[in-house]
Amino acid sequence: KATLILAIARVLLMVMPRASAATKHLVATAALVAVAAMPVMTFVVPAWHVVVEKPATNAPAPVPAPSLSATTARTIGETDAEDGRGLSTIGTAMSVVRATGVVPDEPLTAMTRAMNVTGATWKGAIALALLTGTLLMLAQMVVGIAGVWYVAKNAEELTDDAVLIALDHARDALALGREVRLLRSSRISVPVLWGFFKPVLLLPADAGTWPAERLRVVMTHELAHLMRFDGVFLIVTRIATAIFWYHPLAWSLERAGRGECERACDDLVLAGGTKPSEYADHLLAIARSMPTFDPFRSVTLAMSRESQLEGRLLSILQPQVVRRVFSG
């Protein structure tokens with residue numbers, strides 16, 4: 001089922017190359033959200049059991065297996081106790097009782113049995129390996145989230161007039177009424193938007209020296225992520241990729257979704273009147289300051305990453321590109 005959903009989304013992206021970045025991001029995100037919800041729906045939605053009646057035959061009806069009641073088991077135990085064999089016989093009787101379904105398995109016993117089955121079969125070993133990969137990826141996400149939280153907690157509040165004016169202009173351009181805290185940190189080299197309920201825009205330490213126009217386009221781009229709920233979708237799609245980490249289509253759609261997400265925000269910046277050539281220059285300037293290793297890549301949407309920069313610049317500088325700017 002997951003392969004079918006991911007394959008359909010991949011084909012849709014291939015057959016609509018001229019669609020807007022916002023539309024392509026919506027397709028990729030919807031597919032990953034759908035496959036991420038599949039394991040949850042397995043436990044939430046009740047299973048349907050269809051009963052198929054078999055035609056009557058002349059064969060004799062099967063005789064039900066004899067079952068032991070709790071009273072019978074207790075009687076057996078009392079009798080054997082007189083012969084010095086009470087404990088062993090009671091254990092045997094209770095095993096028979098549990099096997100017949102009169103007394104359910106204890107949770108610990110059921111868990112132990114499941115672990116034994118998992119370790120004893122090759123299918124169980126594969127399932128255990130897949131689960132281990134998922135847990136490792138989820139742990140990486142948790143570490144990344146903790147790292148961004150630590151950087152934001154120890155960042156410096158920005159109070160420069162030029163920076164605050166640029167923030168007001170960006171909010172007005174997007175008609176965004178939400179409050180956003182501006183912080184500055186030497187631990188990051190590119191602008192990073194963090195949080196949803198109490199959003200924070202983290203800027204590099206040298207952001208105060210940027211030209212006013214660069215500050216404006218940077219903040220417009222980052223606030224566009226907030227307006228489109230891209231941070232929420234990023235976490236959900238990363239969870240989907242963690243669950244299906246072994247599936248190449250999941251990785252392909254996750255990369256495509258990230259790229260189209262950035263292009264959709266670029267379209268919002270350009271829709272505000274920014275010249276494409278000037279915007280491209282700002283992206284290149286920010287990309288030059290990026291380090292080779294980005295520890296927060298899995299949980300943040302950075303404005304300018306080298307892996308996506310070439311395609312974004314081509315999209316920005318091509319006037320015939322469709323730039324529909326509906327929110328995601």
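Only this structure's heavy atoms are used, side chains among them; waters, hydrogens and symmetry mates stay out.
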Visitor: Test of understanding: with side chain to side chain donor-acceptor pair (under 3.5 Å), list the residues that count as partners of Thr29, not counting sequence neighbours.
Guide: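 Checked Thr29 against side chain to side chain donor-acceptor pair (under 3.5 Å); matches are His25.
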Visitor: Evaluate Leu223 against Arg178 for side-chain contact (heavy atoms from CB on, under 4.5 Å), listing each step before the verdict.
Guide: CA-CA 10 Å; Leu223 294 184; Arg178 301 186 58 183; over 6 Å; no
Visitor: If you measure from CZ on Arg181 to CG on Leu167, what distance do you get to the nearest 0.5 Å?
Guide: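 That separation rounds to 12.5 Å.
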Visitor: Within the 4.5 Å heavy-atom criterion, are Cys265 and Asp230 side-chain neighbours or not?
Guide: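 Yes, close enough: below the 4.5 Å cut-off.
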Visitor: Distance from Leu202 atom CG to Glu156 atom CD, nearest 0.5 Å?
Guide: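 Between atom CG of Leu202 and atom CD of Glu156 there are 12.0 Å.
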Visitor: Decide yes or no for Ile316 and Leu283: does some side-chain heavy atom of the first lie under 4.5 Å from some side-chain heavy atom of the second?
Guide: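 Result yes, sub-4.5 Å side-chain heavy-atom pair found.
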Visitor: Do Lys24 side-chain atoms and Pro17 backbone N/O form a donor-acceptor pair below 3.5 Å?
Guide: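 Confirmed, Lys24 side chain pairs with Pro17 backbone.
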Visitor: Measure from the side-chain N and O atoms of Thr220 to the backbone N and O of Arg216, and report whether any donor-acceptor pair falls under 3.5 Å.
Guide: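 Checked: pair present.
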Visitor: What are the two closest non-hydrogen atoms of Met38 and Ala2, and how far apart are they?
Guide: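 Reported closest heavy-atom pair: CE-N, 3.8 Å.
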Visitor: For the CG atom of Leu183 and the CG atom of Leu201, what is their distance to the nearest 0.5 Å?
Guide: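 Answer for the CG-CG pair, Leu183 versus Leu201, is 8.0 Å.
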Visitor: Quick check: do Glu179 and Arg171 have side-chain heavy atoms less than 4.5 Å from each other?
Guide: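 With C-beta onward as the side chain, the pair touches.
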Visitor: To the nearest 0.5 Å, tell me how far Asp281 CG sits from Glu213 CD.
Guide: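 Rounded to the nearest 0.5 Å, the CG-CD separation comes to 11.0 Å.
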Visitor: Would you say Phe196 and Met219 are hydrophobically clustered, going by side-chain heavy atoms of ILVMFWY under 4.5 Å?
Guide: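 Yes; tracing contacts between hydrophobic side chains, which count when under 4.5 Å, links both residues.
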Visitor: Find out whether His221 and Ile286 are in side-chain contact, i.e. whether some heavy atom of one side chain is under 4.5 Å from a heavy atom of the other.
Guide: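 No. Closest side-chain heavy atoms not under 4.5 Å.
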Visitor: If you compare all heavy atoms of Arg263 against all heavy atoms of Ala21, which two are closest, and at what distance to 0.1 Å?
Guide: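 Residues Arg263 and Ala21, closest heavy atoms: CB-CB, 3.5 Å.
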Visitor: Between Gln318 and Leu314, which heavy-atom pair has the shortest distance, and what is it?
Guide: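 Looking at all heavy atoms of both residues, the shortest contact is CG-O, 3.0 Å.
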Visitor: Could you give all pairs that pass the ring pair (Phe, Tyr, Trp, His ring centres under 6.0 Å) test and reach residues 136-181, with sequence neighbours left out?
Guide: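 Non-adjacent pairs meeting ring pair (Phe, Tyr, Trp, His ring centres under 6.0 Å): zero.
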Visitor: Evaluate Arg187 against Asn154 for side-chain contact (heavy atoms from CB on, under 4.5 Å), listing each step before the verdict.
Guide: CA-CA 10 Å; Arg187 293 184 172 90; Asn154 294 276; 4.1 Å; yes
Visitor: Please give me the minimum heavy-atom distance between Ala224 and Leu268, naming the atom from each residue.
Guide: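 It is CB-CD1, 3.5 Å.
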Visitor: Under 4.5 Å between side-chain heavy atoms, hopping through other hydrophobics if needed: is there a path connecting Ile243 to Val236?
Guide: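 Cluster IDs for Ile243 and Val236 differ.
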Visitor: Does any non-hydrogen side-chain atom of Ile145 lie less than 4.5 Å from one of Trp194?
Guide: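 With C-beta onward as the side chain, the pair touches.
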Visitor: Nearest 0.5 Å, please: how far is CZ in Phe233 from CZ in Arg228?
Guide: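 It comes to 8.5 Å.
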Visitor: Given the rule that I, L, V, M, F, W and Y join up when any side-chain heavy atoms are under 4.5 Å apart, are Leu128 and Leu136 in one cluster?
Guide: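 Result: no, two separate clusters.
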Visitor: Find the distance between CE (Met137) and CZ (Arg238) and round it off to the nearest 0.5 Å.
Guide: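 One finds 4.5 Å between CE of Met137 and CZ of Arg238.
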Visitor: For Thr274 and Val269, which heavy atoms make the closest approach, and how far apart are they?
Guide: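 Minimum heavy-atom contact is OG1-O, 3.5 Å.
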Visitor: Where do Leu215 and Ile165 land on the side-chain contact (heavy atoms from CB on, under 4.5 Å) test, with the steps shown first?
Guide: CA-CA 9 Å; Leu215 284 171; Ile165 291 173; over 6 Å; no
Visitor: With under 30° as parallel and over 60° as perpendicular, where do the rings of Phe244 and Tyr246 fit, or are they tilted in between?
Guide: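 Rings of Phe244 and Tyr246: tilted, as their planes differ by 30° to 60°.
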Visitor: Look only at the side chain of Trp251 and the backbone of Thr241, and say whether a donor-acceptor pair between them is shorter than 3.5 Å.
Guide: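 It does not hold such a pair.
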Visitor: Testing Val27, Leu249, Leu253, Ile5 for side-chain contact (heavy atoms from CB on, under 4.5 Å) with Leu32, which one passes?
Guide: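 Only one option passes, and that is Leu253.
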Visitor: Shared ILVMFWY cluster between Val148 and Leu138, side chains joined below 4.5 angstrom?
Guide: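 The answer is yes; both residues are in one hydrophobic cluster.
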Visitor: Is the closest basic N to carboxylate O distance between Arg258 and Glu254 below 4.0 Å?
Guide: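 Counted as a salt bridge, because a side-chain N and a carboxylate O are separated by less than 4.0 Å.
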Visitor: Under a 4.5 Å side-chain heavy-atom rule over Ile, Leu, Val, Met, Phe, Trp and Tyr, are Ile8 and Val35 clustered together?
Guide: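 Yes; tracing contacts between hydrophobic side chains, which count when under 4.5 Å, links both residues.
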Visitor: Minimum heavy-atom separation for Val218 to Pro191, with atom names?
Guide: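 Shortest heavy-atom contact: CG1-CG, 3.3 Å.
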